[in-house]
Every structure is written in structure tokens, then in C-alpha cells.
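By convention in this document, chain letters (A, B, ...) are assigned in the order of the sequence lines, proteins followed by strands, and residues within each chain are numbered from 1. In what follows, every heavy atom counts, from backbone to side chain, and hydrogens, waters and symmetry copies are set aside. Note that this is a predicted model, so its numbers are computed, not measured.
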Amino acid sequence: MSTVNQTPATHAPVLKDQIREFIMENLAHAKGITSFTDDESLMESGVIDSLGIFRLVSFLEEDLRVRVSDEEINAETLKSVNSIEQLVLSKKK
Amino acid sequence: MAYILQQLLTKSAARYPEKTAVWARGRSITYRELDERSNQLAHLLRQHGVKKGDRVGLYFPKCVESVISMLGVVKAGAVYVPLDPQAPADRVGYIIGNCGIRALITKEDKRHGLDESTLASLEFCVMIEEATKSSNGTKIIPWSMLSEFPAAHAPEVVLTETDLAYILYTSGSTGRPKGVMLSHQNALTFVEWCAATFEITREDRLSNHAPLHFDLSVFDVYNALEAGATVFLITEDLALFPSRLASFIETQGITVWYSVPSALTLLLLHANVNAEKLSRLRLILFAGEVFPLKYLRQLADLLPHVELQNLYGPTETNVCTYYEVERERLASLEKLPIGIACENTEVFAVNDQDEIVTQPGGTGELYVRGPAVTYGYWADPEKTAKMVVPNRFQKNFEEKIYRTGDLVQLAEDGNYYFLGRRDSMIKSRGYRIELGEIESALLSHEAVKEAVAVAIPDDIVSNRIVAVIAAHDGITIKPSELQQHCGSRIPKYMIPELIEFRDSLPKTSTGKVDRVQLTQESIRAANQPPSEVVSQ
């Protein structure tokens, strides 16, 4: 598992853990991958494939309750754990 | 008329030298450049000892150099072997060893991942980017060396249409991939049929969605070259995002699209496509798996101006039958036909009495005859003898026909319909997957005593894969460990997404693992609503 940075008491680390855990359990393991960093490109490492993207989007919409538009499903927004966290945070403001 | 693939390029380069031949990752090259660079590469390969019939591996992600390499290798009289850049190094190493590749065109990060013995077996590597120094004995040749070689003409090599052009590796039931040998004639039979049937012109803009080790890409690349058209190579970063892919099709003015149905389904479901945006698109070809009628109907309604063609055929024959979607019949169709034989190809079904099916309603295994049929599998005469067999239905002369292993039905309308497989090969996202190859990967883990891979039918990707495992007594192992183990042996699309553990697997009366029961149980479990799973 990747390391969690020590951050001030906000909701961010919890959210990031949730995202990381979902990707690890539901996407990475099924691709034979057991570790990735929060910054790593999930597409380049093969964690996320064409169907994985939509499982991830369902997770964001159903579990984290943010609405993701078709246009937001792109290589920058969904690149890494960090960028996905940013997407969710920007929606919750 | 062309009888070897490179003649398609030579002809178009003479007619349209300044036209764009290939576009990839924001870069493009003209026909003149493609012709010259591939001539240079052919000379370079020859000078470094590549001879007629030698196999040259192509091991890097899709880019302009992919097409230069394909053409450069055949111009050298050699045979190219596209290696999946996403596959585990172990599998790539096996293929390199299996077909005796000694020259590899690659990138440093790919070369670096290969194991020592594979690297030691290579005589040289041509690096498509700036080369770094070799860390071991392999000779490294930077791409920039191409400029040292003659550009105007390819080396003199005597080739006929019966020489091999490329080898495509597909999943093998005994646990290792097998190399399908394809000759220039095999490829051109298909390319020329496509050119005539789909009337590809130099105005066309073809997409290349499939990976280059997948036979769908033969159409994209060579039919573009044949017509003097442009082929746009779609890379992973683009292919993954339907909305982005749709705007790519729109802005690049793609006119001809060929992919597996699941790629089209994702476009349909997750990109806001419509006829206005894709007004230049005129033809969609799909192959590799069954297109669910539900989505095909939606696609047909959404893009009323686009001709839709269902192509069918295994790598061993490329496409052998086709069906032009009839919109007026689409609502009443219960199943999508695979259609009728392509020109210069004969197909027939052989029933259990070993007779050719001639009456509508009859079912049997589909056989293919003609110049599109492969010679067989590289270095595997046993497997070849099983699948590429003497034609026992005509005795006048010796010829081989290919047994597809697909069960089909001949219908009243003259079309064939796909019914299923005779063996345990399945399709997922158009990829051929032998469940046996997955099981071998699982069984190679020391903790695993018994393993069965099961295909769960799925609306979008055709099949999902799960596995049922019995471990050796007293050993516990996590699913993720086994998935990781698989990841080092088989491609990601073959790794079971779920692994279930049991004390032992159910057996049939003859003591074999009961696949039928396991499959039924797994499908039932997969279709149950996940209500009992507590999230978080």
C-alpha cells in the first residue's frame, strides 16, 4: 500500500483513502497489481482499462455522491488518486 | 496488381507522395516519407544480418514508427511479429523464444523489462527513440542510423505471395500463446476484398482502434495504403475515454471506423455522439465478438447515414464472412447473422455425420477454404495438423481447409449464424481467450491444487472471467496474490476479476472437474444482486 501523507485534520485524507481503497480492491487487484502511488498514472500502469473507468465513475457517483459529466471522464481528471480526489473536492465545494 | 504487401505502399507513394499516410500521437508522415523510411529500415535490417524469412519483433506502443517498421520488415524480406506492449514480459519473452526473434524494434523501457535470457537471445535492437547504452551484450542501434541508408529503393529480395508477412500470436489452450503464420497472399486476399467491397478511396480517413497484434489492424493499415488514404492510429490514452474519442472522430473527420463492438457500445453509452457531429463517418465495420442487438439497434438509429457491416473470422483466416446490417430487418432480427462468405473464400458447415450442411436450419462446425487460410501455427505441427486439415470433401488435388471450432447454423435467408464454440475458447472485448491458458497460469502457483476459469456472459464485453480454485491442504492464499501471479504470466484482459475458493472442485462421474456445474453456479452467483455485500 502507498503511504499517506500527514495532513491537517480535514476530510481530505479520509476521502483519498476511500478512493485508493476502491481502486485497489476493485480495479488494481483484478489486473494483478498490488501497489501504486497516489501520483501514479493509473492508465499507464494498466490499473484502469476502458471498463474500469466506468466502474470508477459509478463509485464516484453512487458512493461519493458527485455527478461526473461525460466530458469530465478524461485522462487528466481521472489520471491518479490525487487528481480524482481533486475532482471530488471541487464538486463538493 | 499487388502480390506482396509493400507494393501497396510503393504504388500509393508514387501517386500521392505528399499525402499524409499515417497519423499518430499528433505526428504524421507522408507517403513519400513512409516509403523512404521503410526502405532505409529494410537496408539497415539487411546490413545487420536479417535474412529472408527471419522474424523481427515490434515491441513498443503504437506510433508512426509502427507502420514504418511493419513495412520496413517486409521490404527486408522478413516477417514481422507485433508484440503486445501491455503484455507481461514473461509472455513476450516466450513469444520471442518461440518464433526465434533475434532482431527487435523497441523502446528502452520495453527492452529493459525483458528477462536476461531473452535479452541474451537477441542479436540487436533498433530503438525507435534516442538510444541509451546497452546494459548487456545486445547491440543497440538508434533510429537516427536510418539516415545512413539508401532511401530511394528497398533492398533486392525475391519474394512471392506465398512468403510469410507477419505472425500474430493468440491465446493457446495449452497455456502458451500460439503464432498464426500469415502470408502476403493471406493478407492481400482480405485487403483486396475490402478495397472492392467497401470502396475505400484516397479521400477516406481510416481509424485504427485495434492493437497491432490484433488482426483487425490489417484492414486499417493496408487498406489505407492500398487506397492512398490516411490511417489514424488511436492510442490507449484516446481509446479509453469515449467522450474524447468521439471528438477525435469528429475533428479528424474519420470516415471509416473498424473496431470490436464493445468499443462502439462504450461510445454509444458514454459519449454524446450524434449524426450531425459524425457526419463524415460513412462506414462502420465491427468484428471480434457478437454485437448485442440492443446496442446495435441504438447505433443504427443514432447514425442513420452510416453503413454498418458485421465481419466475422478468426485470425487464421482474417475475415471470412460478412453481413451488411439491414436496417429494415434490425427490429425483427432475433440474432445477428455472421452472413455469407467473402469473395475468393468458401465457407461451409460440417455436421456430426461429417457431411456438408446444405439445408436451411442445419448446424455444424464452420470450415474455411481459400487463399485467406493460414499455413498454421509457428513451430507447432501438432496443433496445425488439428486445425488446418486436408480437404476431405474434394479429392482432385491436395489442399488445406481451416476448422474454425465455431458452431454455426445455415438459415433460410442464406446467412450463417454463430451459435457457439466447440471448445473452451471465449471472447472478451474481442480478444480470443483460451480458458486453459488462464488455468495454466493459476496452476503454476504453488498453492493451487485445482483451478477452473469460467466465462460469465456480459452485455458489453461479451464475457467476464472468474476463477474457482481449490488450494493445497492447509495453505491459505489471497485472491489478490493469485491475480498478481497471473499478472506476471498472462495479459491483463485474461486475469480473472474474481477468484472463489473451495475445499475441492465438483467432479463428474469420470473424475474430471465438472466445468458445466461450476459455470452454471458462477453465472448464477454473478447475476445475483450484490445486496448482501456491505460497502465500506
Side-chain angles (χ1 to χ4, degrees), chain A residues 1-2 11 13-36 40-65 67-80 83-84 87, chain B residues 61 84-88 109 209 235-247 259-260 262-263 265-267 269-273 428-430 441 458-461 464-467 478-499 533 535-536:
Chain A
M1 282 292 252
S2 53
H11 290 299
V14 181
L15 174 64
K16 195 179 282 192
D17 291 343
Q18 263 182 296
I19 295 169
R20 193 188 304 111
E21 198 177 302
F22 173 82
I23 294 172
M24 182 64 82
E25 307 262 307
N26 295 280
L27 304 175
H29 282 170
K31 299 287 171 195
I33 294 167
T34 50
S35 72
F36 52 82
E40 192 173 327
S41 167
L42 300 168
M43 281 103 212
E44 275 169 32
S45 54
V47 171
I48 297 187
D49 65 6
S50 54
L51 282 189
I53 287 171
F54 297 100
R55 293 184 68 181
L56 175 63
V57 170
S58 307
F59 161 75
L60 297 178
E61 296 198 327
E62 284 156 29
D63 293 34
L64 301 184
R65 309 238 162 249
R67 179 92 188 87
V68 184
S69 70
D70 281 347
E71 286 69 31
E72 281 166 329
I73 304 175
N74 64 52
E76 289 76 47
T77 322
L78 303 184
K79 178 177 175 274
S80 63
S83 71
I84 296 164
L87 172 74
Chain B
D84 179 1
Q86 313 241 30
D109 62 333
H209 181 272
T235 43
E236 270 288 284
D237 52 322
L238 204 54
L240 279 178
F241 301 98
S243 163
R244 191 158 285 195
L245 190 53
S247 59
S259 75
V260 291
S262 49
T265 304
L266 288 176
L267 266 180
L269 297 178
H270 298 285
N272 198 12
V273 291
S428 181
R429 282 167 242 217
D458 179 271
D459 233 14
I460 295 179
V461 292
R464 291 164 181 272
I465 299 155
V466 303
K478 285 196 293 194
S480 59
E481 279 177 58
L482 270 181
Q483 287 165 323
Q484 187 186 13
H485 176 77
C486 287
S488 68
R489 302 181 69 88
I490 54 179
K492 292 195 172 59
Y493 57 80
M494 291 173 68
I495 302 173
E497 61 180 68
L498 280 174
I499 295 182
V533 181
S535 61
Q536 282 152 29

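The shortest heavy-atom contact between B:Lys492 and A:Ile33 is CE-CD1, 3.7 Å.
B:Glu497 touches chain A through backbone and side chain together, each having a heavy atom under 4.5 Å away. Heavy atoms closer than 4.5 Å to chain A are found nowhere in B:Arg489, neither backbone nor side chain. Heavy atoms of B:Ile460 lying under 4.5 Å from chain A belong exclusively to its side chain. Contact of B:Leu266 with chain A is made through the side chain alone, with heavy-atom distances under 4.5 Å. Heavy atoms of A:Ser45 lying under 4.5 Å from chain B belong exclusively to its backbone.
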If you look only at distance, which donor and acceptor atoms sit under 3.5 Å apart when one is on a side chain in residues 48-58 of chain A and the other is two or more places apart or in another chain?
unit_1  : atom_1 : unit_2   : atom_2 : d
A:Asp49 : OD1    : A:Leu51  : N      : 3.1
A:Asp49 : OD1    : A:Gly52  : N      : 2.7
A:Asp49 : OD2    : A:Lys31  : NZ     : 2.7
A:Asp49 : OD2    : B:Arg429 : NH1    : 2.8
A:Ser58 : OG     : A:Phe54  : O      : 2.7

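Here the CG-CG distance, from A:Asn74 to B:Leu240, works out to 11.5 Å after rounding to the nearest 0.5 Å. Taken from CZ in B:Phe241 to CD1 in A:Ile73, the straight-line distance is 9.0 Å, to the nearest 0.5 Å.
Of all the listed residues (A:Met43, A:Glu72, A:Glu44, A:Glu25), the one sharing the greatest number of non-hydrogen pairs under 4.5 Å with chain B is A:Met43.
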